[in-house]
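Note sheet for the following structure.
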Number of protein chains: 2
Amino acid sequence: MAYGYKIGSIPLTTVQRFASYLPALRDMQRQGRSVVSSASLAEMLRLEAIQVRKDFGYLGITGRPKTGFQVDDLIGAMEHGLSWNRVSDAILVGTGHLGTALLNYRGFGYHGLAIKAAFDIAPDRVGALINGVQVQHLDEMKPFMDAKMAILTVSPESAQEVALRLVRAGITGIWNFTGRTLLLPEPIVVQDQDIAIGLAVLSAKLTARAREAIEAESKPPA
Amino acid sequence: MAYGYKIGSIPLTTVQRFASYLPALRDMQRQGRSVVSSASLAEMLRLEAIQVRKDFGYLGITGRPKTGFQVDDLIGAMEHGLSWNRVSDAILVGTGHLGTALLNYRGFGYHGLAIKAAFDIAPDRVGALINGVQVQHLDEMKPFMDAKMAILTVSPESAQEVALRLVRAGITGIWNFTGRTLLLPEPIVVQDQDIAIGLAVLSAKLTARAREAIEAESKPPA
DNA sequence: ACAGTATCGATACCTTTTTATCGATACCAT
DNA sequence: ATGGTATCGATAAAAAGGTATCGATACTGT
(Lines give C-alpha, C1' and ligand atoms only; values in the text may rest on other atoms or scores of the structure.)
Protein backbone atom coordinates (compact mmCIF):
# COMPACT_ATOMS: atom_id res chain seq x y z
CA MET A 1 0.00 0.00 0.00
CA ALA A 2 1.24 3.45 -0.83
CA TYR A 3 0.21 5.35 2.25
CA GLY A 4 -2.76 6.15 4.41
CA TYR A 5 -6.03 5.34 2.84
CA LYS A 6 -7.46 4.82 6.20
CA ILE A 7 -7.51 6.81 9.35
CA GLY A 8 -7.42 4.38 12.18
CA SER A 9 -9.84 1.86 10.77
CA ILE A 10 -12.09 4.41 9.13
CA PRO A 11 -11.93 4.94 5.37
CA LEU A 12 -10.62 8.31 4.35
CA THR A 13 -13.73 9.03 2.32
CA THR A 14 -15.84 8.40 5.38
CA VAL A 15 -13.79 10.80 7.46
CA GLN A 16 -14.27 13.42 4.79
CA ARG A 17 -17.99 12.92 4.90
CA PHE A 18 -17.92 13.16 8.68
CA ALA A 19 -16.47 16.59 8.21
CA SER A 20 -19.52 17.62 6.25
CA TYR A 21 -22.05 15.85 8.44
CA LEU A 22 -20.80 17.72 11.43
CA PRO A 23 -21.88 21.25 10.55
CA ALA A 24 -25.24 19.97 9.39
CA LEU A 25 -25.73 18.11 12.65
CA ARG A 26 -24.65 21.10 14.68
CA ASP A 27 -27.22 23.19 12.90
CA MET A 28 -29.90 20.69 13.83
CA GLN A 29 -28.72 20.62 17.38
CA ARG A 30 -28.98 24.37 17.52
CA GLN A 31 -32.50 24.19 16.17
CA GLY A 32 -33.43 21.76 18.89
CA ARG A 33 -33.76 18.74 16.66
CA SER A 34 -32.66 15.67 18.54
CA VAL A 35 -33.04 12.83 16.06
CA VAL A 36 -32.26 12.48 12.39
CA SER A 37 -32.80 9.66 9.94
CA SER A 38 -30.13 8.55 7.54
CA ALA A 39 -32.50 9.34 4.70
CA SER A 40 -33.08 12.95 5.65
CA LEU A 41 -29.42 13.65 6.27
CA ALA A 42 -28.57 11.99 2.98
CA GLU A 43 -31.02 14.14 1.10
CA MET A 44 -29.64 17.24 2.74
CA LEU A 45 -26.13 16.43 1.60
CA ARG A 46 -26.99 14.75 -1.67
CA LEU A 47 -25.81 11.34 -0.65
CA GLU A 48 -27.37 7.93 -0.39
CA ALA A 49 -29.08 6.96 2.84
CA ILE A 50 -27.27 3.68 2.97
CA GLN A 51 -23.94 5.39 2.77
CA VAL A 52 -24.80 7.61 5.68
CA ARG A 53 -25.80 4.59 7.72
CA LYS A 54 -22.64 2.77 6.82
CA ASP A 55 -20.56 5.76 7.82
CA PHE A 56 -22.30 5.95 11.16
CA GLY A 57 -21.60 2.29 11.61
CA TYR A 58 -17.90 3.10 11.85
CA LEU A 59 -18.67 5.31 14.81
CA GLY A 60 -20.32 2.50 16.68
CA ILE A 61 -23.42 4.63 16.98
CA THR A 62 -26.63 2.73 16.62
CA GLY A 63 -29.90 4.26 15.56
CA ARG A 64 -33.45 3.24 16.27
CA PRO A 65 -35.83 1.98 13.62
CA LYS A 66 -38.60 4.37 12.72
CA THR A 67 -36.84 7.24 14.45
CA GLY A 68 -33.26 7.59 13.39
CA PHE A 69 -30.08 8.54 15.16
CA GLN A 70 -29.57 10.77 18.15
CA VAL A 71 -27.99 13.98 16.92
CA ASP A 72 -26.03 14.40 20.12
CA ASP A 73 -24.64 10.90 19.95
CA LEU A 74 -23.46 11.39 16.42
CA ILE A 75 -21.76 14.66 17.14
CA GLY A 76 -20.14 13.26 20.23
CA ALA A 77 -18.87 10.18 18.49
CA MET A 78 -17.44 12.09 15.56
CA GLU A 79 -15.77 14.67 17.69
CA HIS A 80 -14.36 12.15 20.07
CA GLY A 81 -13.32 9.62 17.48
CA LEU A 82 -11.45 12.16 15.43
CA SER A 83 -10.40 14.54 18.18
CA TRP A 84 -12.42 17.37 16.81
CA ASN A 85 -13.57 18.10 20.31
CA ARG A 86 -10.30 18.99 21.94
CA VAL A 87 -9.43 22.31 20.47
CA SER A 88 -6.02 21.98 18.99
CA ASP A 89 -3.93 25.01 18.40
CA ALA A 90 -2.44 25.73 15.07
CA ILE A 91 -0.14 28.36 13.68
CA LEU A 92 -0.26 29.89 10.26
CA VAL A 93 2.71 30.94 8.20
CA GLY A 94 2.25 33.29 5.27
CA THR A 95 -0.29 36.06 5.67
CA GLY A 96 -1.01 36.78 2.03
CA HIS A 97 -4.55 36.81 0.75
CA LEU A 98 -5.03 33.12 1.29
CA GLY A 99 -3.52 33.17 4.76
CA THR A 100 -5.70 36.11 5.67
CA ALA A 101 -8.76 34.38 4.31
CA LEU A 102 -8.02 31.35 6.47
CA LEU A 103 -7.43 33.48 9.54
CA ASN A 104 -10.86 34.94 8.99
CA TYR A 105 -12.57 31.66 8.24
CA ARG A 106 -15.22 30.77 10.75
CA GLY A 107 -15.71 27.12 9.89
CA PHE A 108 -12.69 25.68 11.67
CA GLY A 109 -14.36 25.76 15.03
CA TYR A 110 -16.46 22.79 13.94
CA HIS A 111 -13.31 20.72 13.82
CA GLY A 112 -11.64 21.94 16.94
CA LEU A 113 -9.10 24.19 15.37
CA ALA A 114 -7.99 27.55 16.66
CA ILE A 115 -5.27 29.51 14.91
CA LYS A 116 -3.22 30.89 17.72
CA ALA A 117 -0.39 32.64 15.94
CA ALA A 118 0.48 33.93 12.51
CA PHE A 119 3.91 34.49 11.00
CA ASP A 120 5.35 36.26 8.01
CA ILE A 121 8.57 37.88 6.96
CA ALA A 122 7.34 40.92 5.03
CA PRO A 123 7.99 43.99 7.20
CA ASP A 124 4.70 45.56 6.22
CA ARG A 125 2.77 42.55 7.44
CA VAL A 126 4.56 41.87 10.69
CA GLY A 127 2.69 43.58 13.46
CA ALA A 128 -0.65 43.63 11.71
CA LEU A 129 -3.69 42.34 13.52
CA ILE A 130 -5.80 39.88 11.54
CA ASN A 131 -9.00 38.69 13.13
CA GLY A 132 -7.50 39.10 16.57
CA VAL A 133 -4.21 37.42 15.77
CA GLN A 134 -1.06 39.48 15.72
CA VAL A 135 1.33 38.72 12.89
CA GLN A 136 4.83 37.99 14.15
CA HIS A 137 8.10 37.72 12.33
CA LEU A 138 8.97 34.19 11.33
CA ASP A 139 12.13 34.41 13.39
CA GLU A 140 9.96 34.72 16.48
CA MET A 141 8.66 31.21 15.97
CA LYS A 142 9.83 29.26 18.97
CA PRO A 143 10.13 25.52 19.45
CA PHE A 144 8.34 25.76 22.75
CA MET A 145 5.04 26.80 21.27
CA ASP A 146 2.62 24.04 21.91
CA ALA A 147 0.86 24.05 18.57
CA LYS A 148 1.40 20.82 16.69
CA MET A 149 -0.30 21.80 13.48
CA ALA A 150 0.75 24.43 10.99
CA ILE A 151 -0.97 25.98 8.03
CA LEU A 152 1.49 26.76 5.29
CA THR A 153 0.41 29.53 2.95
CA VAL A 154 3.72 30.96 1.83
CA SER A 155 4.95 31.22 -1.73
CA PRO A 156 5.92 27.99 -3.52
CA GLU A 157 9.51 29.20 -3.62
CA SER A 158 9.93 29.36 0.12
CA ALA A 159 7.68 26.41 0.92
CA GLN A 160 10.36 23.80 1.49
CA GLU A 161 12.57 26.00 3.59
CA VAL A 162 9.77 27.26 5.81
CA ALA A 163 8.43 23.73 6.21
CA LEU A 164 11.78 22.61 7.57
CA ARG A 165 11.73 25.44 10.05
CA LEU A 166 8.29 24.35 11.15
CA VAL A 167 9.49 20.84 11.75
CA ARG A 168 12.39 22.13 13.78
CA ALA A 169 9.92 24.12 15.84
CA GLY A 170 8.13 20.93 16.79
CA ILE A 171 5.27 20.94 14.31
CA THR A 172 4.08 17.44 13.43
CA GLY A 173 1.32 18.16 10.96
CA ILE A 174 1.39 20.57 8.04
CA TRP A 175 -1.55 21.67 5.96
CA ASN A 176 0.21 22.59 2.79
CA PHE A 177 -1.36 25.14 0.44
CA THR A 178 1.80 25.96 -1.45
CA GLY A 179 1.39 23.50 -4.27
CA ARG A 180 4.91 22.20 -3.75
CA THR A 181 5.56 18.71 -2.54
CA LEU A 182 7.37 18.99 0.77
CA LEU A 183 10.27 16.70 1.48
CA LEU A 184 10.28 16.11 5.19
CA PRO A 185 11.32 13.44 7.66
CA GLU A 186 8.94 10.55 7.88
CA PRO A 187 6.84 11.14 10.99
CA ILE A 188 5.52 14.48 9.80
CA VAL A 189 1.98 14.34 8.45
CA VAL A 190 1.50 16.54 5.41
CA GLN A 191 -1.92 17.29 4.02
CA ASP A 192 -1.61 18.80 0.58
CA GLN A 193 -4.34 21.18 -0.41
CA ASP A 194 -4.13 22.21 -4.00
CA ILE A 195 -6.95 24.62 -4.44
CA ALA A 196 -6.77 24.43 -8.20
CA ILE A 197 -7.70 20.77 -8.26
CA GLY A 198 -11.31 21.48 -7.47
CA LEU A 199 -11.46 23.88 -10.33
CA ALA A 200 -9.71 21.52 -12.68
CA VAL A 201 -12.23 18.84 -11.83
CA LEU A 202 -15.15 21.18 -12.37
CA SER A 203 -13.78 22.25 -15.69
CA ALA A 204 -13.21 18.65 -16.73
CA LYS A 205 -16.73 17.73 -15.68
CA LEU A 206 -18.19 20.52 -17.73
CA THR A 207 -16.21 19.41 -20.74
CA ALA A 208 -17.31 15.83 -20.30
CA ARG A 209 -20.91 16.92 -19.99
CA ALA A 210 -20.67 19.04 -23.09
CA ARG A 211 -19.26 16.10 -25.02
CA GLU A 212 -21.99 13.81 -23.80
CA ALA A 213 -24.57 16.32 -24.95
CA ILE A 214 -23.05 16.44 -28.40
CA GLU A 215 -22.97 12.67 -28.66
CA ALA A 216 -26.54 12.37 -27.48
CA GLU A 217 -27.55 14.78 -30.19
CA SER A 218 -25.74 13.02 -33.01
CA LYS A 219 -27.53 9.76 -32.37
CA PRO A 220 -31.28 10.21 -31.98
CA PRO A 221 -32.86 8.93 -28.76
CA ALA A 222 -33.38 5.17 -28.64
CA MET B 1 -24.68 4.49 -8.93
CA ALA B 2 -25.02 7.71 -7.01
CA TYR B 3 -23.46 10.22 -9.34
CA GLY B 4 -20.37 11.02 -11.34
CA TYR B 5 -17.45 8.94 -10.31
CA LYS B 6 -15.99 9.27 -13.70
CA ILE B 7 -15.24 12.08 -16.03
CA GLY B 8 -15.74 10.80 -19.50
CA SER B 9 -14.13 7.42 -19.05
CA ILE B 10 -11.41 8.66 -16.72
CA PRO B 11 -11.67 8.02 -12.98
CA LEU B 12 -12.15 11.11 -10.90
CA THR B 13 -9.10 10.31 -8.80
CA THR B 14 -7.02 10.14 -11.93
CA VAL B 15 -8.25 13.54 -13.10
CA GLN B 16 -7.30 14.95 -9.74
CA ARG B 17 -3.83 13.56 -10.09
CA PHE B 18 -3.61 15.00 -13.58
CA ALA B 19 -4.17 18.36 -12.02
CA SER B 20 -1.09 17.88 -9.88
CA TYR B 21 1.05 16.29 -12.56
CA LEU B 22 0.49 19.26 -14.77
CA PRO B 23 2.36 21.95 -12.84
CA ALA B 24 5.22 19.55 -12.22
CA LEU B 25 5.44 18.74 -15.91
CA ARG B 26 5.24 22.38 -16.88
CA ASP B 27 8.17 23.08 -14.56
CA MET B 28 10.20 20.39 -16.28
CA GLN B 29 9.26 21.72 -19.66
CA ARG B 30 10.45 25.14 -18.62
CA GLN B 31 13.71 23.65 -17.45
CA GLY B 32 14.20 22.04 -20.83
CA ARG B 33 13.64 18.51 -19.66
CA SER B 34 11.92 16.55 -22.41
CA VAL B 35 11.41 13.08 -20.96
CA VAL B 36 10.34 11.81 -17.57
CA SER B 37 9.98 8.34 -16.16
CA SER B 38 6.96 7.26 -14.20
CA ALA B 39 9.27 6.50 -11.29
CA SER B 40 10.80 9.93 -11.05
CA LEU B 41 7.48 11.71 -11.36
CA ALA B 42 6.04 9.40 -8.75
CA GLU B 43 8.82 10.17 -6.33
CA MET B 44 8.35 13.86 -6.88
CA LEU B 45 4.67 13.67 -6.00
CA ARG B 46 4.85 10.91 -3.43
CA LEU B 47 2.94 8.40 -5.47
CA GLU B 48 3.62 4.95 -6.82
CA ALA B 49 5.24 4.64 -10.24
CA ILE B 50 2.69 2.15 -11.37
CA GLN B 51 -0.13 4.48 -10.58
CA VAL B 52 1.45 7.21 -12.64
CA ARG B 53 1.81 4.83 -15.56
CA LYS B 54 -1.75 3.69 -15.26
CA ASP B 55 -2.96 7.28 -15.18
CA PHE B 56 -1.01 8.06 -18.31
CA GLY B 57 -2.58 5.04 -19.89
CA TYR B 58 -5.93 6.80 -19.80
CA LEU B 59 -4.45 9.56 -21.90
CA GLY B 60 -3.42 7.16 -24.62
CA ILE B 61 0.12 8.38 -24.27
CA THR B 62 2.73 5.69 -24.57
CA GLY B 63 6.20 5.89 -23.15
CA ARG B 64 9.40 4.24 -24.21
CA PRO B 65 11.23 1.64 -22.16
CA LYS B 66 14.44 2.81 -20.57
CA THR B 67 13.58 6.45 -21.28
CA GLY B 68 10.14 7.39 -20.09
CA PHE B 69 7.41 9.65 -21.40
CA GLN B 70 7.69 12.75 -23.53
CA VAL B 71 6.87 15.70 -21.30
CA ASP B 72 5.28 17.61 -24.15
CA ASP B 73 3.06 14.70 -25.09
CA LEU B 74 1.81 14.35 -21.57
CA ILE B 75 1.04 18.01 -21.17
CA GLY B 76 -0.67 18.14 -24.53
CA ALA B 77 -2.79 15.10 -23.84
CA MET B 78 -3.90 16.30 -20.41
CA GLU B 79 -4.72 19.76 -21.56
CA HIS B 80 -6.55 18.59 -24.61
CA GLY B 81 -8.35 15.72 -22.96
CA LEU B 82 -9.68 17.88 -20.18
CA SER B 83 -9.96 21.16 -22.02
CA TRP B 84 -7.39 22.85 -19.86
CA ASN B 85 -5.87 24.28 -22.99
CA ARG B 86 -8.76 26.42 -24.11
CA VAL B 87 -9.04 29.31 -21.73
CA SER B 88 -12.51 29.44 -20.29
CA ASP B 89 -13.87 32.49 -18.60
CA ALA B 90 -15.29 32.44 -15.14
CA ILE B 91 -16.91 34.95 -12.87
CA LEU B 92 -16.55 35.22 -9.15
CA VAL B 93 -19.25 36.24 -6.73
CA GLY B 94 -18.35 37.36 -3.23
CA THR B 95 -15.20 39.39 -2.82
CA GLY B 96 -14.47 38.71 0.81
CA HIS B 97 -11.08 37.45 1.90
CA LEU B 98 -11.50 34.13 0.18
CA GLY B 99 -12.80 35.65 -3.02
CA THR B 100 -9.95 38.10 -3.02
CA ALA B 101 -7.47 35.33 -2.43
CA LEU B 102 -8.84 33.44 -5.40
CA LEU B 103 -8.77 36.52 -7.60
CA ASN B 104 -5.11 36.83 -6.76
CA TYR B 105 -4.30 33.18 -7.16
CA ARG B 106 -1.86 32.49 -9.94
CA GLY B 107 -2.29 28.76 -10.32
CA PHE B 108 -5.49 28.73 -12.35
CA GLY B 109 -3.74 29.41 -15.59
CA TYR B 110 -2.52 25.81 -15.57
CA HIS B 111 -6.08 24.69 -16.00
CA GLY B 112 -7.25 27.27 -18.46
CA LEU B 113 -9.22 29.46 -16.14
CA ALA B 114 -9.44 33.23 -16.29
CA ILE B 115 -11.63 35.14 -13.89
CA LYS B 116 -13.16 37.82 -16.03
CA ALA B 117 -15.52 39.55 -13.65
CA ALA B 118 -16.20 39.83 -9.94
CA PHE B 119 -19.43 40.70 -8.19
CA ASP B 120 -20.53 41.71 -4.74
CA ILE B 121 -23.30 43.64 -3.09
CA ALA B 122 -21.44 45.49 -0.33
CA PRO B 123 -21.22 49.16 -1.36
CA ASP B 124 -17.68 49.49 -0.07
CA ARG B 125 -16.50 46.66 -2.27
CA VAL B 126 -18.27 47.52 -5.48
CA GLY B 127 -15.93 49.51 -7.65
CA ALA B 128 -12.76 48.16 -6.10
CA LEU B 129 -10.06 46.81 -8.37
CA ILE B 130 -8.69 43.42 -7.37
CA ASN B 131 -5.83 42.05 -9.39
CA GLY B 132 -7.04 43.91 -12.45
CA VAL B 133 -10.67 42.92 -12.09
CA GLN B 134 -13.22 45.56 -11.27
CA VAL B 135 -15.83 44.54 -8.73
CA GLN B 136 -19.35 45.11 -10.01
CA HIS B 137 -22.66 45.11 -8.24
CA LEU B 138 -24.41 41.76 -8.40
CA ASP B 139 -27.34 43.39 -10.15
CA GLU B 140 -25.04 44.13 -13.05
CA MET B 141 -24.65 40.45 -13.75
CA LYS B 142 -26.15 39.90 -17.16
CA PRO B 143 -27.34 36.71 -18.77
CA PHE B 144 -25.43 37.53 -21.91
CA MET B 145 -22.04 37.22 -20.32
CA ASP B 146 -20.30 34.31 -21.92
CA ALA B 147 -18.73 32.83 -18.82
CA LYS B 148 -20.14 29.40 -18.06
CA MET B 149 -18.37 28.85 -14.79
CA ALA B 150 -18.84 30.72 -11.54
CA ILE B 151 -16.92 30.75 -8.31
CA LEU B 152 -19.22 31.19 -5.37
CA THR B 153 -17.57 32.71 -2.31
CA VAL B 154 -20.49 34.46 -0.65
CA SER B 155 -21.76 33.84 2.86
CA PRO B 156 -23.56 30.57 3.55
CA GLU B 157 -26.74 32.52 4.18
CA SER B 158 -26.97 33.95 0.71
CA ALA B 159 -25.48 30.95 -1.08
CA GLN B 160 -28.69 29.40 -2.35
CA GLU B 161 -30.21 32.64 -3.53
CA VAL B 162 -27.10 33.81 -5.34
CA ALA B 163 -26.66 30.39 -6.91
CA LEU B 164 -30.11 30.61 -8.41
CA ARG B 165 -29.29 34.01 -9.85
CA LEU B 166 -26.16 32.52 -11.39
CA VAL B 167 -28.16 29.78 -13.04
CA ARG B 168 -30.60 32.33 -14.41
CA ALA B 169 -27.62 34.23 -15.83
CA GLY B 170 -26.63 31.19 -17.84
CA ILE B 171 -23.97 29.69 -15.61
CA THR B 172 -23.70 25.91 -15.96
CA GLY B 173 -20.93 25.12 -13.51
CA ILE B 174 -20.53 26.40 -9.97
CA TRP B 175 -17.49 26.01 -7.76
CA ASN B 176 -19.10 26.26 -4.39
CA PHE B 177 -17.07 27.45 -1.41
CA THR B 178 -20.01 28.35 0.77
CA GLY B 179 -20.32 25.09 2.63
CA ARG B 180 -24.02 24.93 1.86
CA THR B 181 -25.48 22.27 -0.35
CA LEU B 182 -26.99 24.01 -3.32
CA LEU B 183 -30.33 22.87 -4.63
CA LEU B 184 -30.35 23.54 -8.32
CA PRO B 185 -31.91 22.15 -11.48
CA GLU B 186 -30.27 19.00 -12.70
CA PRO B 187 -28.01 20.04 -15.57
CA ILE B 188 -25.95 22.39 -13.43
CA VAL B 189 -22.61 20.96 -12.35
CA VAL B 190 -21.72 21.89 -8.79
CA GLN B 191 -18.29 21.30 -7.37
CA ASP B 192 -18.34 21.63 -3.61
CA GLN B 193 -15.17 22.83 -2.01
CA ASP B 194 -15.26 22.66 1.73
CA ILE B 195 -11.95 24.01 2.83
CA ALA B 196 -12.36 22.70 6.34
CA ILE B 197 -12.36 19.10 5.17
CA GLY B 198 -8.65 19.12 4.48
CA LEU B 199 -8.01 20.37 7.94
CA ALA B 200 -10.37 17.88 9.50
CA VAL B 201 -8.55 15.08 7.72
CA LEU B 202 -5.17 16.33 8.85
CA SER B 203 -6.35 16.58 12.41
CA ALA B 204 -7.82 13.09 12.25
CA LYS B 205 -4.61 11.71 10.79
CA LEU B 206 -2.58 13.25 13.55
CA THR B 207 -4.87 11.74 16.14
CA ALA B 208 -4.67 8.35 14.51
CA ARG B 209 -0.91 8.57 14.36
CA ALA B 210 -0.70 9.53 18.00
CA ARG B 211 -2.86 6.56 18.93
CA GLU B 212 -0.74 4.20 16.90
CA ALA B 213 2.34 5.50 18.64
CA ILE B 214 0.78 4.81 22.02
CA GLU B 215 -0.23 1.31 21.03
CA ALA B 216 3.19 0.56 19.62
CA GLU B 217 4.69 1.62 22.91
CA SER B 218 2.42 -0.47 25.09
CA LYS B 219 3.37 -3.70 23.34
CA PRO B 220 7.12 -4.03 22.93
CA PRO B 221 8.50 -4.58 19.43
CA ALA B 222 8.08 -8.11 18.07
C1' DA C 1 -53.60 -4.83 21.29
C1' DC C 2 -52.66 -4.97 16.61
C1' DA C 3 -51.68 -3.92 11.94
C1' DG C 4 -49.07 -0.96 9.14
C1' DT C 5 -44.92 1.25 8.14
C1' DA C 6 -40.58 3.82 8.53
C1' DT C 7 -36.13 2.95 9.52
C1' DC C 8 -32.24 0.53 10.98
C1' DG C 9 -28.33 -3.08 10.58
C1' DA C 10 -26.22 -7.24 8.96
C1' DT C 11 -24.84 -9.58 5.05
C1' DA C 12 -23.68 -10.13 0.60
C1' DC C 13 -22.66 -8.28 -3.82
C1' DC C 14 -20.79 -5.29 -7.15
C1' DT C 15 -17.93 -1.59 -8.94
C1' DT C 16 -14.02 1.14 -8.86
C1' DT C 17 -9.38 1.88 -7.81
C1' DT C 18 -4.92 0.42 -6.57
C1' DT C 19 -1.10 -2.70 -6.65
C1' DA C 20 1.60 -6.78 -8.26
C1' DT C 21 3.64 -9.59 -11.81
C1' DC C 22 6.12 -10.34 -15.64
C1' DG C 23 7.27 -10.44 -20.48
C1' DA C 24 8.77 -7.04 -24.01
C1' DT C 25 11.42 -3.22 -25.53
C1' DA C 26 14.97 0.20 -26.14
C1' DC C 27 19.01 2.29 -24.51
C1' DC C 28 23.93 1.86 -22.69
C1' DA C 29 28.45 0.03 -21.97
C1' DT C 30 31.70 -2.96 -23.39
C1' DA D 1 27.28 -6.98 -31.89
C1' DT D 2 26.00 -8.48 -27.41
C1' DG D 3 24.65 -8.58 -22.74
C1' DG D 4 22.85 -5.99 -19.02
C1' DT D 5 19.33 -3.14 -17.28
C1' DA D 6 15.87 0.41 -16.78
C1' DT D 7 11.44 1.16 -17.98
C1' DC D 8 7.21 0.37 -20.06
C1' DG D 9 2.45 -2.01 -20.81
C1' DA D 10 -0.81 -5.71 -20.46
C1' DT D 11 -2.99 -8.63 -17.55
C1' DA D 12 -4.49 -10.12 -13.33
C1' DA D 13 -5.05 -9.97 -8.43
C1' DA D 14 -6.20 -7.46 -4.30
C1' DA D 15 -8.11 -3.88 -1.75
C1' DA D 16 -11.20 -0.39 -0.98
C1' DG D 17 -15.42 1.61 -1.31
C1' DG D 18 -20.27 1.80 -2.50
C1' DT D 19 -24.97 -0.33 -3.11
C1' DA D 20 -28.78 -3.71 -2.75
C1' DT D 21 -31.53 -6.84 -0.11
C1' DC D 22 -34.12 -8.10 3.44
C1' DG D 23 -35.30 -9.45 8.08
C1' DA D 24 -35.84 -7.06 12.55
C1' DT D 25 -37.41 -3.41 15.33
C1' DA D 26 -39.96 0.41 17.23
C1' DC D 27 -43.17 4.00 16.53
C1' DT D 28 -48.16 5.50 14.89
C1' DG D 29 -52.86 5.24 14.45
C1' DT D 30 -56.89 2.73 14.98
Side-chain angles (χ1 to χ4, degrees), chain A residues 1-21 25 28 33-71 73-74 77 197 201 204-205 208, chain B residues 1-21 25 28 33-71 73-74 77 197 201 204-205 208:
Chain A
M1 98 216 104
Y3 66 126
Y5 284 119
K6 301 209 170 171
I7 292 175
S9 58
I10 305 177
L12 177 59
T13 49
T14 294
V15 172
Q16 291 177 347
R17 281 191 295 270
F18 282 164
S20 35
Y21 296 152
L25 291 170
M28 290 178 195
R33 194 167 161 186
S34 65
V35 290
V36 63
S37 73
S38 60
S40 65
L41 192 56
E43 198 194 346
M44 220 172 285
L45 298 169
R46 303 241 216 172
L47 299 169
E48 298 292 323
I50 193 174
Q51 188 165 53
V52 173
R53 283 207 301 279
K54 185 139 199 188
D55 286 343
F56 290 173
Y58 288 107
L59 293 172
I61 294 296
T62 140
R64 314 180 72 180
K66 187 81 187 212
T67 323
F69 298 82
Q70 290 296 119
V71 173
D73 290 359
L74 291 173
I197 289 180
V201 170
K205 279 182 183 168
Chain B
M1 100 219 99
Y3 65 125
Y5 286 119
K6 300 211 168 170
I7 290 176
S9 57
I10 305 177
L12 177 59
T13 49
T14 294
V15 172
Q16 291 177 345
R17 281 190 295 271
F18 283 165
S20 35
Y21 296 151
L25 292 170
M28 290 178 196
R33 193 166 161 187
S34 65
V35 290
V36 63
S37 73
S38 60
S40 65
L41 192 56
E43 198 193 345
M44 219 172 288
L45 299 169
R46 303 240 217 170
L47 299 169
E48 297 293 323
I50 193 175
Q51 189 166 50
V52 173
R53 282 207 300 280
K54 185 132 202 189
D55 285 343
F56 290 173
Y58 287 106
L59 293 172
I61 294 297
T62 138
R64 314 180 71 180
K66 189 83 185 209
T67 323
F69 297 83
Q70 290 297 120
V71 172
D73 289 0
L74 291 173
I197 289 181
V201 170
K205 279 182 182 169

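Order of the sequence lines fixes the chain letters, A, B, ..., with proteins taken first and strands second; residue numbering starts at 1 for each chain.
Applying the salt bridge (charged side-chain N to carboxylate O under 4.0 Å, His left out) test to B:R17 and every residue at least two apart in sequence or in another chain returns B:D55. With sequence neighbours left out, B:A208 forms a side chain to side chain contact (heavy atoms under 4.5 Å, CB included) with A:I7. The side chain to side chain contact (heavy atoms under 4.5 Å, CB included) search around B:A39 returns B:S37, B:A49, not counting sequence neighbours. With sequence neighbours excluded, no residue satisfies ring pair (Phe, Tyr, Trp, His ring centres under 6.0 Å) with A:F18. Residues passing the side-chain hydrogen bond (donor to acceptor under 3.5 Å, both in side chains) test with A:S20: none are found, sequence neighbours excluded.
Residue B:T62 has no polar side-chain atom (N or O) positioned under 4.0 Å from OP1 or OP2 of D:dC8. Checking the phosphate oxygens (OP1, OP2) of D:dG18, a side-chain nitrogen or oxygen of A:R17 falls inside 4.0 Å. Residue B:S38 has a polar side-chain atom (N or O) positioned under 4.0 Å from OP1 or OP2 of D:dC8.
Applying the side-chain hydrogen bond (donor to acceptor under 3.5 Å, both in side chains) test to every pair with at least one member in residues 57-70 of chain A, sequence neighbours left out, gives no pairs at all.
Taking for each of B:I61 and A:T14 the nucleotide of DNA chain D with the nearest heavy atom, the 5'-most of the two is the partner of B:I61. Along DNA chain C, the nucleotide nearest A:G68 and the nucleotide nearest A:K54 are compared for position; the residue whose nucleotide lies closer to the 5' end is A:G68.
Listed nucleotides: C:dG9, C:dT18, D:dT21. Nearest to the side chain of A:I50: D:dT21.
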I'd like a list of close polar pairs between nucleotides 26-30 of chain D and the protein, N/O only, cut-off under 3.5 Å.
residue: D:dC27; atom: OP1; partner: A:R64; partner atom: NH1; Å: 3.3
residue: D:dC27; atom: OP1; partner: A:R64; partner atom: NH2; Å: 3.3

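In this structure, B:M44 and B:M28 have side chains that are in contact, with non-hydrogen atoms separated by less than 4.5 Å. Residues A:Q16 and A:P11 fail the side-chain proximity criterion, which asks for heavy atoms closer than 4.5 Å. A heavy-atom distance below 4.5 Å is found between the side chains of B:L74 and B:V36.
Per the geometry, CG belonging to A:L41 stands 14 Å off C1' belonging to C:dC8, to the nearest Å. As a whole-Å value, the separation of A:L47 CG from D:dT19 C1' is 13 Å. Between the P atom of C:dA20 and the CD atom of B:Q51 lies a distance of 11 Å, rounded to the nearest Å. Taking atom CG on A:L74 and atom C1' on C:dC8, their separation rounds to 13 Å, with Å as the unit. Rounded to whole Å, atom P of C:dA6 lies 14 Å from atom CZ of A:R53. In this structure, A:D55 atom CG and C:dG9 atom P are separated by 13 Å, rounded to whole Å. Remark: P of C:dT17 and CG of A:L12 are 14 Å apart, rounded to the nearest angstrom. B:F69 places its CZ atom 14 Å from the P atom of C:dA26, with the value rounded to the nearest Å.
Between its two ends, the helix from C:dA1-D:dT30 to C:dT30-D:dA1 turns its axis by 30°, counting five pairs per end and rounding to 10 degrees.
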